[in-house]
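Worksheet: the structure to be examined is printed underneath.
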Amino acid sequence: MTSIAIIGAGPRLGLAIARTFGTRGFDVALISRNRDKLDGLVDTLTAEGITAAAFPADVLDRDALGQALKHAVTRFGRIDVLEYSPAAGLDSTAPTTPADTEPAHIQHEIEFQLYGAITATHAVLPAMREVGAGTLLFTTGARSINPRPPTADINAAAAALRNWAVNLHKELAGTGIQAAHIGIDATIGTSTFYGQPRATADQISPVYWELHTTHRYQAERIFKG
């Protein structure tokens, strides 16, 4: 069986990605901080005939994140697709303008976005190299490309993740392993920001399937609502 690990799994994009892959025969490993919410997602997917399991972990805790992925491998055999899209809550994110940004602001966001992605990749990439196949997908908002002053610290860390993901795609060329960045220039189920269009998670999730299947040559896709 093939499997996908979704890090930052939630009731919108994470669930939509789980359905997109799960309805095509993938087992689904759901990873995020909140066990109760994960269990609810597992129940939803199970009721739809999709095999899913919860592996709670905070991306800021690198050891716990790595352990969660190990547990997912034990459960499902291997991870064929890794999708990384954790969303920080208002309790842990403090947006700053460029002039007001301190190193500590950037450090927190770098830990959350870039270091978490690197940790997750290190947990699954060796096995992908052994079989010469796999997919690594990393999600940010479009402000990783076109930043806005009110969220400078978040944008800077997202840009770092984008840079690293695109560079990883280049490094892995010819290995059978796909790495790609998805920049979402839309809001999902919430009010718009800076005039961004609104989109549903179901409209966005097919992009992930395409990057895994028919568009493996692409290092980046920007979704515009």
Side-chain angles (χ1 to χ4, degrees), residues 4-18 20-21 31-32 59 81-89 93 95-98 101 105-106 108-121 134-173 177-225:
I4 179 172
I6 300 172
I7 299 175
R12 291 175 179 162
L13 183 59
L15 181 59
I17 293 171
T20 295
F21 282 79
I31 299 173
S32 71
V59 298
V81 179
L82 174 75
E83 192 280 320
Y84 187 86
S85 57
T93 297
T96 61
T97 66
T101 298
H105 298 137
I106 297 289
H108 176 271
E109 294 301 325
I110 286 286
E111 292 273 356
F112 185 78
Q113 298 199 53
L114 178 61
Y115 294 173
I118 291 173
T119 298
T121 300
T135 299
L136 304 161
L137 303 173
F138 306 95
T139 304
T140 72
R143 299 306 165 214
S144 62
I145 304 163
N146 182 25
R148 296 280 183 158
T151 52
D153 55 336
I154 299 169
N155 296 167
L161 173 55
R162 174 188 180 240
N163 180 288
W164 178 81
V166 170
N167 214 12
L168 182 62
H169 174 91
K170 295 176 181 179
E171 179 186 2
L172 295 175
I177 303 168
Q178 154 74 322
H181 166 253
I182 300 94
I184 300 177
D185 191 10
T187 58
I188 306 173
T190 61
S191 300
T192 61
F193 296 97
Y194 310 120
Q196 284 182 311
R198 295 181 66 175
T200 67
D202 289 337
Q203 290 173 316
I204 300 171
S205 62
V207 170
Y208 294 80
W209 182 253
E210 291 168 3
L211 286 169
H212 172 60
T213 55
T214 58
H215 289 66
R216 295 181 68 82
Y217 59 90
Q218 287 190 314
E220 181 172 63
R221 290 281 294 276
I222 307 303
F223 178 91
K224 295 181 179 291

To the nearest 0.5 Å, what is the distance between [atom1] on [X] and [atom2] on [Y]?
X      : Y      : atom1 : atom2 : answer
Ser205 : Leu13  : OG    : CG    : 7.5 Å
Ser85  : Ile17  : OG    : CD1   : 5.0 Å
Leu82  : Ile4   : CG    : CD1   : 8.0 Å
Gln178 : Thr213 : CD    : OG1   : 10.0 Å
Ile182 : Ile204 : CD1   : CD1   : 10.5 Å

Check: [Y] and [X] side chains under 4.5 Å, non-hydrogen atoms:
X      : Y      : value
His212 : Arg216 : yes
Gln203 : Phe223 : yes
Thr97  : Thr101 : no
Phe21  : Val81  : yes
Trp164 : Ile118 : yes
Pro149 : Pro98  : yes
Ile31  : Ile6   : no

* What are the two closest heavy atoms between Asp153 and Pro95, and how far apart are they? ->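 Here Asp153 and Pro95 meet closest at OD1-CA, 3.5 Å.
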With distance as the sole test, does [X] use its side chain to make a donor-acceptor pair with the main-chain N or O of [Y] at under 3.5 Å?
X      : Y      : value
Glu109 : Ala156 : no
Gln113 : Ile154 : yes
Asn155 : Arg148 : yes
Ser144 : Thr140 : no
His169 : Ala180 : no

* Looking only at side chains, do Thr139 and Tyr208 share a donor and an acceptor under 3.5 Å apart? ->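 A donor-acceptor contact under 3.5 Å links the two side chains.
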* Does any donor atom in the side chain of His181 or Glu220 lie under 3.5 Å from an acceptor atom in the other side chain? ->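 Per modelled atom types, His181 and Glu220 side chains form a pair under 3.5 Å.
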* Asn163, Ile177, Leu136 screened by side-chain contact (heavy atoms from CB on, under 4.5 Å) with Leu168, the one that passes ->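 Exactly one option meets the side-chain contact (heavy atoms from CB on, under 4.5 Å) with Leu168, and it is Leu136.
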